[in-house]
Each structure stands twice: as structure tokens, then as C-alpha cells.
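In what follows, every heavy atom counts, from backbone to side chain, and hydrogens, waters and symmetry copies are set aside. Treat the numbers as computed from the prediction; the structure is a model and nothing was measured. Each chain gets a letter, A, B and so on, in the order the sequences are listed, and its residues count up from 1.
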Amino acid sequence: MFKSMYNWIDERLDITPMWRDIADHEVPEHVNPAHHFSAFVYCFGGLTFFITVIQILSGMFLTMYYVPDIINAYYSVDYLQHQVAFGAIVRGMHHWGASLVIVMMFLHTLRVFFTGSYKAPREMNWIVGMLIFFVMLGLGFTGYLLPWDNKAYYATKVGLEIAGSVPYLGDYIKELMNGGTIVGAQTLTRFFAIHVFFLPGALLALLAGHFIMIRKQGISGPL
Amino acid sequence: MAHKHDPNEKIVYVGDSRIRKRAKSNVSPPDYTAFPGKSEAFIPNFLLKEWMVGVVVLVGFLVLVIAEPAPLGYPADPLNSSFIPMPDWYFLFLYQLLKYPYASGDYIVLGILGLSGIPFIALLLAPFLDTGKERRFYRRPIASSLMLVSLAAIAYLTWVSWDHYQHELAKNGVIPEHIEREIKNEESIEKGLGRWVPGKEKIPAMVEAEDVAFTETMTQAACITCHGSELEGGVGPALRGIGDARSKEELFDAIMNGKGEGMPPFKGTLTDDQIEKVATWLSKQKAAAAE
């Protein structure tokens, strides 16, 4: 029955080439850790994506309980952490995953750098990769404020002061991110929106570009 | 308009909605027959092997998640002037860099643009700066050594920043809030007062609220200006339930001679007898007695 359903859709949308393209493409031996243990360095990109998926899923569950306002934000996180079933696990995954994704991405960047994989024709993919790196750092920075405890508040204050010291544009950047002149209610809602809508949207678009380019150009050859 | 019909095609499309046949890619070969060794299909062969690595990482990750709960301190207090700010660990190197005299203050432009901006832009544009054909890192001494020096600098700055933070904590005798919170929470649960949530403490009711010591003496001495009109706390600490924390002698001494920077001595303002009575009344303020 599934076969006839599949055929029904395939006749109309011609979906076979899409998944065959993903499934059938060859992976060369030099990146396969089953053949060369040292090839595990080629896994960091995939692991970054794996942790990113964990971040997106755990984040989706966190927003079911999180309330982005200065009175309730802290207590909603406290409730989530201590009262909600598996809340501590989900928040723990999001908290530690945020660090782990940076670690994995850093290792992936170093692998690409030291194997010279960013060289022609893959220059554009390196740039997209660096943009993903900056988006990830932005996600880390905006997400850090959301629990609205002292650590979050003062880290953001210091971070925005640093942003404010950028020559010429600093004051504008700072006010834009603050949503006013102080770190307060506006900052929290703004950071929440940036953290859950703007940056993830940008991240997904960049990831799509990253993967399409890898597929188009293939993995760089052995050294 | 007549289309040429491919007799092998399952469906004949008409008009411009025809799905185009894939053109041969001219960028690189679609397979890796040019590379030595055994290639294999992405799904399922390779993905299963990659999943093995993923599982090892996932298990380690979940062990960390279960062993170390995500930290949560006290609610943000913009008036707290003694809190030591600390960005997340991967920003520490930048935070530390911008503390040095030649990267801050009058030299902030150098710090932001020269020491942070230019290296980041260089990294972004690396493929256009390192344009040679050579890929092996030991044959690209400039690119590799710049990266290694940057890595060493990042590691060093992160360590200095963290070390400085630990030093500050020790110097000021500060326990990080998320740890202190857990300690207080455990104490609260042990005492049978339930889970402790900062800012949501249950204030015990007042014991013997009609006592002269409170209605007259404490009003006369203006205790309530700092400790709150219902002794719920203000500039000074809450006095409800103070009997659980302090003995009568300690309270007597605090009123008589003052305490810390905030509490003035009331010796002379109040008679010894009045202080004695206030201390006695305060020592009766116990959470258990209030119920």
C-alpha cells in the first residue's frame, strides 16, 4: 500500500530524484572513520548539525513554558527547571548544547582551515560557514540573557557596553539592541524575538546554503 | 507547440511546468571515482557510521546534562552593584582582551577594530587571502602560524579571564549565586519549609503584634524606616522570623551597639530596658510560633 501511495505521489511530483540525490551520493574513503580512525575530524561538521537539531528541538519545548517578561521570565525558568517533568533535562540539554555546538563548530572550522578545504572552488562555502559561526555566537549572546538572573543581566550589560564602544556606529548598535537606553523590559523581549525568530531563520537559510554548496561541489579531496 | 516526447518517460509534461532534466555539473565530479579507496553511499552505509560517532557524543552529552543541572542564580537586580559580571565562556577571550590598557579607554578603537575586527574579517576572507593551490597546513606557514598564534592567544586570554574571576570570587568571599541558591534550597527543604525560590520567600506572620515593644518602642526608634512598616524588610533586612536566625543576646547587642554599616547603635536613644524588651520581642519572632 505504501508503495502504491509513493508511486501516486511520485507520478505527480517526481520526488524520486530528490531523495535519491541525498541517499545515493558517494562518500569517499578518506572522510570515513570506519576506514581511517583519524577521519573522525571530518565528523565535526555533522556533529555540529546534530547538536543544532538538538538545540532547535529543546528550544521549541522550552518556549512552551518560558515567558519573556522581566517579572515572570526568571520564575518561568525556575518553574521549568524544578517543577516541570523532564524540564531540568530539556533545559540542561539546551544550556550545555549551546556550549557544545560552539565547541563542535570551532573544531569543524579548524579542520576546514588546516586541511585547506576552503580553497577554490569552495570560497563561498567558507564565507557562509563563517556567517553561520557569527549567527551561532549571536544565538549564544541573546540566549544568555533569557533566564533573567543576575549573571544574564550583567553579562548582557557588559556585552552591550562593548558593542557601544564600536567607533561611530557603537551608540546606534547599542540602542538598537537595548530597545532604549537601558537593559530592561524592551531588551528582554527584543533578545527573545532575535533568539527564537530572527537568528534561527537566518541560521536555517545559511545551513541550507552550506549543504547545497557541499552537495554541488563535493567534499574536498584527500591531502 | 510540440514537445519532443521521450518514449522512456513515465509522464509527459506539457507547457513550461516541465521538470528539467539535470544538467551535468561542471564544478566537480558527482562521484568520487577520482579519489583513491572505497567510496560508499551516503544513506544508509555512511550515515550509520557517522551515527556511531553521534551516539558516542550523545551519551557523553546526556551524562553531562544529568550530572550538572543548568545553573540559575537570583533574579536580575539592576541595582546590585557588587555583582561580578561574567560573559559566557566563549566570549571571555574578547572580554579579557578589551580590558587591557592598549585595547580600551583611549585606545578602544585599536582594541575593537585592530585587535578584534581585523582578525575576524581576515578569517571571514581567508580563502581570498590564502589563495595558493597548496592545501597541506605545513606548506602554508603564514596562514597556519597566524591561526596557531590566534589559538594560543584565545586560550591564554580565556584562562586569564577565568582565573581573574575565580580570584575575585575568593577575594570578596562570594559564592556564585547558582551554587548559593542550591545550598539555601537544600537547607530550606531540610527545615521542612519547602523549595526555596529567591524573591518568593514566605514571610512568617508576626508573633504578638500588639506588644508595646513593637507598637511603641520600635515606632519611636524609627526601626520601620529601614526594616519596613510590617518588618518585611527594606533597606535593612526583614525582621519577621528573625528569632530563628538570632538569639536574644545577639539581637540585644545589635540594637545596643549597631551592626555593619547600615544599623546604627541605639544606646542612648533607647533605655537599656526598652532595648531589652525589643530584643525579647524580636527573639520570639519564629516561623514555627507564627503558624
Side-chain angles (χ1 to χ4, degrees), chain A residues 11 14 22-30 32-35 40 43 46-47 50 74 77-78 81-82 88-89 91-93 95-96 99-100 102 113-116 118-119 121 123 126-127 130 140 144 147-155 157-159 162 165-167 216-218 221-223, chain B residues 10-11 19 22 25 27-32 35-43 46 49-50 53-54 57 61 64-66 69-70 72-78 80 83 85-91 95 98 108-109 112-113 123-124 126-128 133-137 140 144 147 177 195 197:
Chain A
E11 275 169 21
D14 196 21
I22 294 170
D24 289 353
H25 76 259
E26 296 268 289
V27 179
E29 182 185 312
H30 72 281
N32 193 328
H35 291 295
F40 75 87
C43 289
L47 290 174
F50 181 43
Y74 176 85
V77 174
D78 181 77
Q81 177 80 28
H82 296 103
I89 301 286
R91 179 162 176 259
M93 287 176 82
H95 174 86
W96 294 112
S99 288
L100 195 60
I102 301 277
F113 186 87
F114 283 114
T115 57
Y118 55 78
K119 289 174 175 268
E123 302 95 327
W126 169 266
I127 291 189
M130 287 314 295
Y144 206 64
W148 200 251
D149 59 1
N150 277 323
K151 191 174 61 154
Y153 183 86
Y154 286 99
K157 210 170 159 181
V158 167
I162 290 174
S165 61
V166 172
K216 193 95 184 161
Q217 301 176 328
L223 285 173
Chain B
K10 265 196 279 187
I11 291 189
I19 293 169
R22 288 167 60 82
S25 163
V27 180
S28 66
D31 59 46
Y32 292 97
F35 297 155
K38 303 179 208 86
S39 298
E40 57 188 27
F42 181 59
I43 294 175
F46 181 73
K49 281 160 195 163
E50 181 138 346
V53 181
V57 171
F61 176 57
L64 173 69
V65 165
I66 291 165
L72 186 64
Y74 296 153
D77 175 11
N80 184 340
F83 193 83
M86 195 63 176
D88 213 350
W89 63 269
Y90 44 85
F91 288 119
Y95 183 49
L98 296 174
I108 189 71
V109 177
I112 294 272
L113 291 184
L123 190 64
L124 182 70
F128 304 102
K133 279 232 180 289
E134 180 58 54
R135 282 179 51 213
R136 284 166 291 187
F137 67 91
R140 296 185 284 135
S144 298
M147 181 56 102
E177 287 183 350
R195 207 166 69 77
V197 184

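Your options are B:D88, B:I66, B:V53, B:V57, and the one with the most heavy-atom pairs under 4.5 Å with chain A is B:D88. In terms of heavy-atom pairs under 4.5 Å with chain B, the best-connected choice from A:G221, A:A155, A:G159, A:G140 is A:G221. Put simply, of B:K133, B:M147, B:E134, the one with the most heavy-atom pairs under 4.5 Å next to chain A is B:M147. Ranked by heavy-atom pairs under 4.5 Å with chain B, the list A:A88, A:G116, A:G46 is led by A:G116. Chosen from B:L124, B:L98, B:I108, the residue pairing most often with chain A at heavy-atom distances under 4.5 Å is B:L124.
Within the 4.5 angstrom heavy-atom criterion, atoms from both the backbone and the side chain of A:V77 approach chain B. Both the backbone and the side chain of B:E40 come within less than 4.5 Å of a heavy atom of chain A. Using a 4.5 Å cut-off between heavy atoms, B:I112 touches chain A through its side chain atoms alone. With a 4.5 Å cut-off on non-hydrogen atoms, B:Y90 touches chain A through its side chain but not through its backbone. Proximity to chain B is limited to the side chain of A:I102, based on heavy atoms less than 4.5 angstrom apart.
A side-chain donor-acceptor contact under 3.5 Å links A:Y154 to the backbone of B:N80. Panel note: side chain A:N150, backbone B:D77; a donor-acceptor pair is recorded below 3.5 Å. A donor-acceptor pair is defined here as one N or O able to donate and one able to accept, closer than 3.5 Å; such a pair exists between the side chain of A:W126 and the backbone of B:L123.
Rounding to the nearest 0.5 Å places NE2 of A:H95 at 8.5 Å from CG of B:L64. One distance of note links CZ of A:F113 with CZ of B:F137; it measures 11.0 Å at 0.5 Å rounding. Taking CG of A:D149 as the reference point, atom CZ of B:F83 lies at 7.0 Å (rounded to 0.5 Å). To the nearest 0.5 Å, atom NE2 of residue A:H82 and atom CZ of residue B:R195 are 5.5 Å apart. Atom CG of residue A:D24 and atom CZ of residue B:F42 lie 11.5 Å apart, to the nearest 0.5 angstrom. Separation of atoms CG (A:L47) and CD (B:E50) is listed at 6.5 Å; rounding is to 0.5 Å.
Evaluation of the salt bridge (charged side-chain N to carboxylate O under 4.0 Å, His left out) rule for A:E123 yields no partner, not counting sequence neighbours. Partners of B:F61 by ring pair (Phe, Tyr, Trp, His ring centres under 6.0 Å), not counting sequence neighbours: none found.
In terms of heavy atoms, A:S99 sits closest to B:W89 at OG-NE1, 2.8 Å. Considering all non-hydrogen atoms of both residues, A:A34 and B:K49 come closest at CB-CD, 3.4 Å. Residues B:P69 and A:Q81 share a closest heavy-atom pair of CB-NE2, 3.8 Å. Between B:A70 and A:G92, the shortest heavy-atom contact is CB-CA, 4.1 Å. A:Y153 approaches B:P78 most closely through the heavy-atom pair OH-CB, 3.3 Å.
Counting heavy atoms from C-beta on, the side chains of A:Y144 and B:P87 never come closer than 4.5 Å. In this structure, the side chains of A:I127 and B:F128 come closer than 4.5 Å at one or more pairs of heavy atoms. In this structure the side chain of A:P33 reaches within 4.5 angstrom of the side chain of B:F46, judged on heavy atoms. Inter-residue side-chain proximity for B:L72 and A:R91 is flagged as met; some heavy-atom pair is nearer than 4.5 Å. Put simply, the side chain of B:R135 reaches to within 4.5 Å of the side chain of A:K119, judged on heavy atoms.
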